[in-house]
Every structure is written in C-alpha cells, then in structure tokens.
Protein chains: 2
Amino acid sequence: MKTIRDVAKIAGVSPATVSRVLNNKGYVSEEKKNRIEKVIREVGFEPNQVARGLAKKTSKTIALLVSDITNPFFPELAKGAEHIAHSNGFSLLLENTKGVDQEGTDYIKLLKNKYIDGVIVATHDIDKYLLETNTGIPMVVLEMENGIENTCTIKVDNFHGAMLATQHLLDVGCKKIAHIYGPLYDQTAYERLQGYQQAIRMHDDLSEITVAGDFTIEGGQSAVSQILKDYPDVDGLFAGNDLMAVGVIKELSRLKIRVPEDIAVCGFDGIYLTRIFSPEITTIEQPIYEMGELAAEKLIERINNPYINQEIIELKTKLVVRESTSKSLM
Amino acid sequence: MKTIRDVAKIAGVSPATVSRVLNNKGYVSEEKKNRIEKVIREVGFEPNQVARGLAKKTSKTIALLVSDITNPFFPELAKGAEHIAHSNGFSLLLENTKGVDQEGTDYIKLLKNKYIDGVIVATHDIDKYLLETNTGIPMVVLEMENGIENTCTIKVDNFHGAMLATQHLLDVGCKKIAHIYGPLYDQTAYERLQGYQQAIRMHDDLSEITVAGDFTIEGGQSAVSQILKDYPDVDGLFAGNDLMAVGVIKELSRLKIRVPEDIAVCGFDGIYLTRIFSPEITTIEQPIYEMGELAAEKLIERINNPYINQEIIELKTKLVVRESTSKSLM
DNA sequence: TTTATTTCTAAAACCGGTTTCATATACTAA
DNA sequence: TTAGTATATGAAACCGGTTTTAGAAATAAA
C-alpha cells in the first residue's frame with residue numbers, strides 16, 4: 001500500500017501538497033495538481049481512512065441502533081439507510097440493542113472512541129441515556145417522544161393513520177371494533193391508540209374496546225382470546241402493528257374464525273410480510289425504506305453542518321387495502 | 001477526552017508504560033501498574049480506537065457482506081454474527097451487495113483502507129473478485145463452492161437435507177413430486193437439486209420433475225403454473241428455499257388448490273416466516289442464527305491467528321414438519 | 001518604486017495511540 | 001567476582017494522514 005509520502009516523493013512535492021490536492025483545499029498550482037493526480041492514478045493510491053480519521057476526528061461511518069434486526073421492520077429501514085450512507089461514502093455499523101446493554105454507556109463509548117460520525121436511533125432500549133450523556137454526536141431519532149434537543153426526529157402521523165384504519169373498518173361494515181395497542185412507553189403505540197379512540201368517539205353508537213399487546217406476534221395471538229372472552233361479537237380488529245395483526249389472524253384461523261368474513265383485521269406499519277401473508281393484510285403503510293433513506297440523509301446533513309437546529313419531520317401514512325378487510329378481494 | 005499522555009503525566013510515568021499496562025504486555029512493576037490503573041479509573045480514560053487502529057493496523061470491526069438484508073434469511077444470520085462480534089469487542093459493518101458494485105473492488109478498498117479486520121461473505125454477488133484480488137483479510141464464507149484457499153467455509157448438508165425433504169413428501173403419501181430449484185451458480189441450489197434427484201432415483205416408480213426458480217417469492221409463484229401446465233397431477237412440491245415455498249403456497253391458494261390436501265409443500269432454510277405463515281410451512285431447517293455465531297467465532301479465531309488453514313464446516317439440517325405437509329395438523 | 005496582498009510550497013507539528021531502542025537496575029549462574 | 005539474563009522504564013520514532021507555520025514568489029495597490 002502506497003502512502004501519501006510515497007506519492008509525494010514520486011511527484012517530487014511535499015506530502016502537504018498531496019494532501020491539499022486530495023482534499024481540494026488550499027492553494028496548489030495547476031501544474032503540480034495535474035502531476036500529483038497523475039501519480040495518484042498511476043500508483044493506485046487510496047488515502048488510508050484510519051489515518052485520515054485520526055487527524056480529522058471522523059470515521060466516515062454512521063451507526064444504526066435498532067432493537068432487533070430480526071424484527072422485519074428494521075431490515076427495510078437498514079437497507080434504506082445503507083443505500084444513502086454508501087452513496088455518500090459512509091459505512092453503516094449495525095447494533096442490536098435488545099437485551100444487551102441496558103444503560104447504553106457501552107454504545108456511547110463505542111461511538112466516541114471509534115469516531116463514529118453520527119447515529120440513527122431506532123430503538124427504545126437506550127434513548128434516554130444517549131440523550132442525557134449526550135455525546136455531541138449528530139443524531140437522527142425515529143419515532144421518539146416530542147423530539148430531542150438538537151436532533152432530527154422522523155416520525156409518521158400515527159394518529160391520523162390509526163383514524164384511517166378505524167374508519168376503514170367502519171367503511172367495510174364493521175360494527176364493533178377493538179384495538180390492540182402496543183406498549184405505551186412507545187410513543188407510536190400511544191398515538192395510534194389515541195387515533196383509534198378519536199375515530200370511535202366520532203360515532204355515538206360505538207364504544208371503545210381496547211386491550212394491551214406488546215407489538216409481537218405472540219402478543220397478537222393472546223390478545224384475541226382476551227377480546228373474544230369479553231366481546232364475542234367483535235367484527236373488526238385494529239392491531240397496533242403488523243406483527244400483532246399476523247398473530248391475530250393466526251389465532252383467528254386456529255379458532256376457525258374467518259378473516260375477513262367474520263372478523264376483519266387491519267394492521268399498521270406496512271412491513272413486507274403483510275403483502276405475502278395469506279390472507280394478505282390490510283395495513284397503514286409507512287414508507288419504511290424511505291424513512292431509512294431520509295434518516296441517513298438528515299444525519300449526513302447534520303454531520304456536515306453540526307449547527308442545525310431541532311427538526312421534526314412527520315411523514316404521511318397511507319391505507320393499503322388487502323384481503324384481510326375486503327370480502328370482495330377474497 | 002483524556003489521552004494516554006494525560007494519564008501518563010498524572011501518574012508520573014511515560015506514555016509507553018501506560019500503553020504497556022493497557023495492553024498487558026511488557027514489563028511493568030506492580031506498583032506503577034496499580035498507580036496507572038487507578039488513574040485510568042479516576043479520569044475515566046478510554047483508549048481511542050482510531051489511534052490504536054492506526055498504530056496496530058486494526059479496527060476491531062468485521063464486515064458482513066449479504067446480498068440483501070431484507071431477505072429474511074440474513075437478519076437472523078446478522079444477529080448471530082453481531083452477538084459474537086460484540087462479546088469479543090468487535091463492531092459489525094453491514095454491506096448489502098445486491099446491485100451496488102458488480103466488481104467488488106469498492107469493498108476491497110473499503111476493507112483495506114478502514115483496516116477492517118475480517119469479513120463474513122454471505123453473498124454470491126462478488127465472491128470471485130474478493131477471492132482473486134484477495135486482500136489478505138481473514139474471511140469466512142457461507143455456502144460457497146468447495147471452499148476457498150485459506151478461508152473457512154461454513155455450509156449445511158444441502159444434499160442430505162434435500163433427500164430428507166423429498167423422502168418426507170413420499171412418507172406423507174405423495175406420488176408425484178416436483179422440485180423447484182434455485183439459480184445453479186449457487187452451490188446450495190445445485191446440491192439441493194442433486195439431493196432431490198437422488199431421493200427420486202431410489203424409487204423405480206418415480207420420475208424427476210424439475211423446474212427452475214430464482215429463490216424469490218415471485219419465482220415460486222410463477223413456477224407453480226409452469227409445473228401444473230405439464231404435470232397437473234403433482235401432489236408434492238419441494239421448493240429449493242422457503243421464500244419460493246411461500247410463493248408456491250400463495251399461488252396454490254389463489255388457484256384454490258388446497259395445501260396440503262391437494263398438494264403438500266416443503267421448503268428449505270427454516271426462516272422465521274415458515275413458522276408464522278398460514279399454513280405453517282414444513283421445511284428443512286438450517287441453524288441460521290448459530291451459523292451467524294459460528295461464522296463470527298471462526299472469523300475472530302482467524303483474526304487472532306492468521307495462519308489457520310482452510311477449513312470447511314458442514315452443519316446439520318433437520319426436517320421440521322408443519323401444516324403444509326401434514327393433513328393431521330390442519 | 002515600495003508596500004500589500006495573493007498564490008504557492010515545504011518543513012514541522014499534530015492526531016493518540018504502539019513499539020523499538022537504549023539504558024539502568026536487580027538477579028542468577030559461572 | 002564477573003558475566004549474563006530478567007526486569008523496568010522513558011525517549012523517540014512510528015502508523016499515515018492533516019494542518020499550521022513560515023517563507024518565497026508573483027501580482028496588485030499605493
């Protein structure tokens with residue numbers, strides 16, 4: 001591997017001049033510039049990122065913190081983020097936070113002493129700590145409370161989406177609609193619950209039926225029996241996320257209850273699974289891949305300019321009607 | 001942030017001595033060692049990985065090259081690899097190779113100039129190039145031809161697994177079994193095809209029915225009509241991977257053909273999806289998470305000792321019987 | 001013509017670690 | 001007692017870039 005000093009020697013200049021050419025910064029005569037670029041090409045010189053990193057306190061690397069990459073929401077997000085990261089010359093570090101390090105101090109250390117340039121936080125396992133002990137590292141946070149000082153928060157209009165879902169169930173003729181909500185420390189779960197309640201309250205003849213879930217397939221499954229015990233006549237179920245919707249449908253199928261003929265089911269998120277499941281699942285779709293891209297874009301923006309103020313971006317969700325709510329499609 | 005020179009000054013020693021304590025290497029008196037460790041604790045000193053990396057030509061980072069992280073096989077693999085990486089103090093860089101850089105030269109550059117310590121290759125998009133231009137970086141390869149010089153190859157017994165799958169379909173009463181194979185440049189696809197053929201040939205009254213697929217859901221879907229056109233009386237389908245099995249079942253369901261009553265379906269891989277799909281899908285299960293862990297373990301072994309010879313590890317698959325092949329379970 | 005100002009370049013210092021080298025002291029073995 | 005080895009430590013060089021400093025040459029302004 002050639003170094004900048006090798007290049008300098010061959011081109012008959014000083015390393016400093018080569019560095020100026022490399023970074024396109026400072027005065028360099030056209031003549032030397034051409035000579036240096038020629039040498040760089042000829043010897044196939046590539047600046048060593050680690051050395052460069054040490055000098056510039058940067059690593060051209062961003063970290064993506066997810067709670068669990070096997071949750072199908074995250075691979076799509078990761079792919080979007082990775083796409084933008086790569087096309088801007090950054091690498092993507094993947095970190096699963098679930099169950100590993102409750103405090104997040106390890107992550108902070110990691111970020112600092114590897115000069116990680118920025119972080120996309122898509123987990124609830126560690127945020128407060130990151131926030132408190134703030135590393136000063138640019139951050140983009142997904143679906144977080146009301147935003148964090150000096151960071152970019154990207155979220156979707158959960159409230160509106162949940163209203164859409166509930167209204168859609170009404171539109172397809174449901175008379176008694178229950179909602180399975182996720183853990184309420186998760187802002188998304190809370191907002192979706194609120195949206196459901198708002199939609200129900202708009203109709204005098206309807207009453208709320210809510211039961212707690214945990215955003216997992218198993219959670220969806222067990223919520224079903226709980227609901228059916230108290231309300232055997234429900235005909236619509238709005239699950240707080242797609243994984244629970246899958247669990248719901250599995251459980252209904254086990255109980256020989258037909259979807260959507262007996263009970264219509266709507267999820268939330270728009271993970272790929274909803275498209276391939278049988279029946280295909282109606283859901284409120286978030287632009288997950290695009291969120292990943294946007295998160296990376298906003299993060300890189302902040303890396304290049306650390307003095308951007310707090311920013312909250314709310315993306316639109318949309319209703320995607322599939323078999324699980326529409327008898328005609330079956 | 002404190003540096004090693006700060007620590008040295010406070011402890012009244014030279015940076016070299018602090019470095020010796022940090023790396024537990026070379027002679028240091030007990031007395032100074034204690035003093036230095038006390039100072040390190042008190043000032044909360046953490047060695048800067050980038051500086052250390054530059055000096056030692058290492059980054060405590062490994063890269064995972066997958067073709068597409070949204071393919072559900074890979075998140076499980078990634079999680080396993082990340083688990084082991086973390087518990088050994090390594091970070092995991094994620095790279096999607098699909099469609100990005102046909103030659104792989106970018107990856108080689110990246111690996112070299114970021115001092116990436118090792119690579120897990122789980123993609124067919126770039127391997128030969130990596131192999132040729134070999135970077136000298138320790139590698140673990142998943143499911144690759146017959147192993148690559150100086151690397152560790154981890155694979156499963158595809159041949160045997162495919163025989164198991166075929167035999168299982170026979171056992172549940174299938175008389176006419178077709179196989180949808182994946183792209184044959186993929187060694188796994190080839191071996192599975194061979195296993196299927198071997199199992200069929202063991203029975204005089206059976207004949208092979210094979211059709212090409214591409215390891216995607218859509219591939220599975222389109223293969224179905226192709227098979228049914230020529231062989232309307234097939235009663236067993238062995239898909240070369242789970243994604244195709246999902247496609248197959250979706251298509252059969254669309255055609256109102258019952259699974260498993262009319263046609264039994266078996267997949268291969270054991271991705272999580274097979275457990276949650278309806279009907280649940282019988283498959284030949286690979287220990288995906290464990291493969292991720294093993295790959296990381298073997299890689300780190302090679303990072304710590306670069307002179308380990310070529311190694312080929314073959315893991316066992318096992319048949320997991322679920323609804324898609326067993327009427328009694330429905 | 002003289003003084004500023006801009007352009008250009010190399011030497012040296014720096015980023016924050018590790019490692020080699022040289023030297024000094026304490027122990028062993030001959 | 002002397003040579004040889006193990007222990008202990010700091011100064012300096014190094015990893016491979018960037019950046020500051022300082023000075024030279026060219027150009028512009030007074």
Side-chain angles (χ1 to χ4, degrees), chain A residues 1-37 39-40 43-61 89 109-117 136 304, chain B residues 1-37 39-40 43-61 89 109-117 136 304:
Chain A
M1 284 278 89
K2 297 287 181 194
T3 72
I4 200 173
R5 284 170 232 266
D6 296 328
V7 172
K9 187 167 293 173
I10 296 173
V13 299
S14 78
T17 307
V18 178
S19 179
R20 281 184 207 107
V21 171
L22 248 27
N23 295 284
N24 201 20
K25 187 180 188 176
Y27 296 111
V28 181
S29 66
E30 271 304 307
E31 182 240 328
K32 291 212 168 149
K33 187 175 175 200
N34 293 145
R35 202 158 82 217
I36 290 169
E37 282 172 343
V39 173
I40 288 177
V43 305
F45 169 75
E46 288 280 330
N48 178 317
Q49 281 294 341
V50 179
R52 187 175 254 184
L54 180 60
K56 307 225 279 200
K57 298 188 188 309
T58 173
S59 64
K60 280 285 179 180
T61 304
K109 277 185 201 163
L110 174 81
L111 300 178
K112 284 194 153 176
N113 66 37
K114 279 197 175 170
Y115 287 153
I116 301 299
D117 300 318
N304 294 331
Chain B
M1 283 279 91
K2 297 287 182 192
T3 72
I4 200 172
R5 284 169 232 266
D6 295 330
V7 172
K9 189 167 288 175
I10 298 172
V13 298
S14 77
T17 307
V18 178
S19 179
R20 283 185 201 108
V21 171
L22 247 29
N23 295 283
N24 201 21
K25 186 180 188 175
Y27 297 111
V28 181
S29 68
E30 270 306 304
E31 180 239 328
K32 290 210 168 146
K33 185 176 175 200
N34 293 145
R35 202 158 81 217
I36 291 170
E37 282 173 342
V39 174
I40 288 176
V43 305
F45 168 75
E46 287 278 332
N48 178 317
Q49 282 294 341
V50 179
R52 186 175 256 186
L54 180 59
K56 307 225 278 201
K57 299 187 186 309
T58 175
S59 64
K60 280 284 176 183
T61 304
K109 277 186 202 162
L110 173 82
L111 301 178
K112 284 194 152 176
N113 67 36
K114 278 196 175 171
Y115 287 154
I116 302 299
D117 299 318
N304 294 331

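Throughout, a chain's letter reflects where its sequence line sits, starting with A, and its residues are numbered from 1.
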- Message: Can you see if the side chain of B:Lys33 gets near the phosphate of D:dA8 - specifically, an N or O under 4.0 Å from OP1 or OP2?
- Response: no
- Just checking B:Val50: base, sugar-phosphate only, or nothing, at a heavy-atom cut-off of under 4.0 Å? nothing
- Query: When we call it a touch if two heavy atoms are under 4.0 Å apart, what does B:Val18 touch: a base, just sugar-phosphate, or nothing?
  - Reply: nothing
- Message: For D:dT7 and B:Ser29 - does any side-chain N or O of the residue sit under 4.0 Å from the phosphate oxygens OP1/OP2?
- Response: no
- Message: Less than 4.5 Å apart, side chain to side chain, heavy atoms only: is that true for A:Val43 and A:Ile10?
- Response: yes
- Message: Check the phosphate of C:dC15 against B:Asn48, side-chain N and O only, distance under 4.0 Å to OP1 or OP2. Yes or no?
- Response: no
- Least distance between heavy atoms, B:Lys57 atom then B:Asp117 atom: O-OD1, 4.5 Å
- Rounded to the nearest angstrom, tell me the gap between atom CG in A:Leu22 and atom P in D:dG17. 8 Å
- Separation of atom CD in A:Glu46 from atom C1' in D:dG17, rounded to whole Å: 14 Å
- Query: Reckon B:Thr3 has a side-chain N or O less than 4.0 Å from the OP1 or OP2 of C:dG16?
  - Reply: no
- Task: Give a yes/no answer on whether the side chain of B:Tyr27 brings an N or O atom under 4.0 Å of OP1 or OP2 in D:dA8.
- Result: no
Let me have the donor-acceptor pairs involving side chains of residues 44-51 of chain A, under 3.5 Å, with sequence neighbours excluded, atom names and distances please.
from, atom 1, to, atom 2, distance (Å)
A:Asn48, OD1, A:Val50, N, 2.7
A:Asn48, OD1, A:Ala51, N, 3.0
A:Asn48, ND2, B:Tyr115, OH, 2.8

- Message: Measure CG/A:Asn113 against P/C:dC15 and give the value in whole Å, please.
- Response: 18 Å
- Non-hydrogen side-chain atoms of A:Lys114 and A:Thr61 separated by less than 4.5 Å: no
- Would you tell me if any nitrogen or oxygen in the side chain of A:Lys32 comes within less than 4.0 Å of OP1 or OP2 on C:dT9? yes
- Reckon B:Lys2 touches a base, only the sugar-phosphate, or nothing at all at heavy-atom distances under 4.0 Å? sugar-phosphate
- Reading nucleotides 20-27 of chain C 5' to 3', which nucleotides get B (base under 4.0 Å from a protein heavy atom), which S (sugar-phosphate only), which -? B-------
- Query: Where do A:Arg35 and A:Val13 come nearest, in terms of heavy atoms and distance?
  - Reply: NH2-CG1, 3.9 Å
- Nearest heavy-atom contact between A:Pro15 and A:Ala8 is N-CB, 3.5 Å
- Candidates C:dT9, C:dT18, D:dC15 - which lies nearest the side chain of A:Val28: C:dT9
- Task: Using atom CG of A:Leu54 as one end and atom P of C:dG16 as the other, report the distance to the nearest whole Å.
- Result: 7 Å
- Query: Just how far, in rounded Å, is C1' of C:dT19 from CZ of B:Arg5?
  - Reply: 13 Å
- Item | B:Thr17 side-chain N/O to D:dG10 phosphate OP1/OP2 under 4.0 Å | yes
- Query: With sugar-phosphate meaning primed atoms plus P, OP1 and OP2, does A:Ser19 contact a base, only sugar-phosphate, or nothing at under 4.0 Å between heavy atoms?
  - Reply: base
- Rounded to the Å, how far apart are A:Ile4 CD1 and D:dT19 C1'? 12 Å
- Query: B:Ile36 CD1 to D:dT9 C1': how many Å, rounded?
  - Reply: 10 Å
- Query: Which atom pair, heavy atoms only, marks the closest approach of B:Val28 to B:Lys32?
  - Reply: CG1-CB, 4.2 Å
- Note on the structure: Taken to the nearest whole Å, CG/B:Asn23 to P/D:dC15 is 18 Å
- At their closest point, which heavy atom of B:Arg52 faces which heavy atom of B:Asn23, and how far apart are they? NH2-OD1, 3.8 Å
- Message: Below the 4.0 Å mark, does C:dG16 have OP1 or OP2 next to a side-chain nitrogen or oxygen of A:Lys57?
- Response: yes
- Message: At less than 3.5 Å, do the side-chain atoms of B:Arg52 and the base atoms of C:dG16 form a donor-acceptor pair?
- Response: no
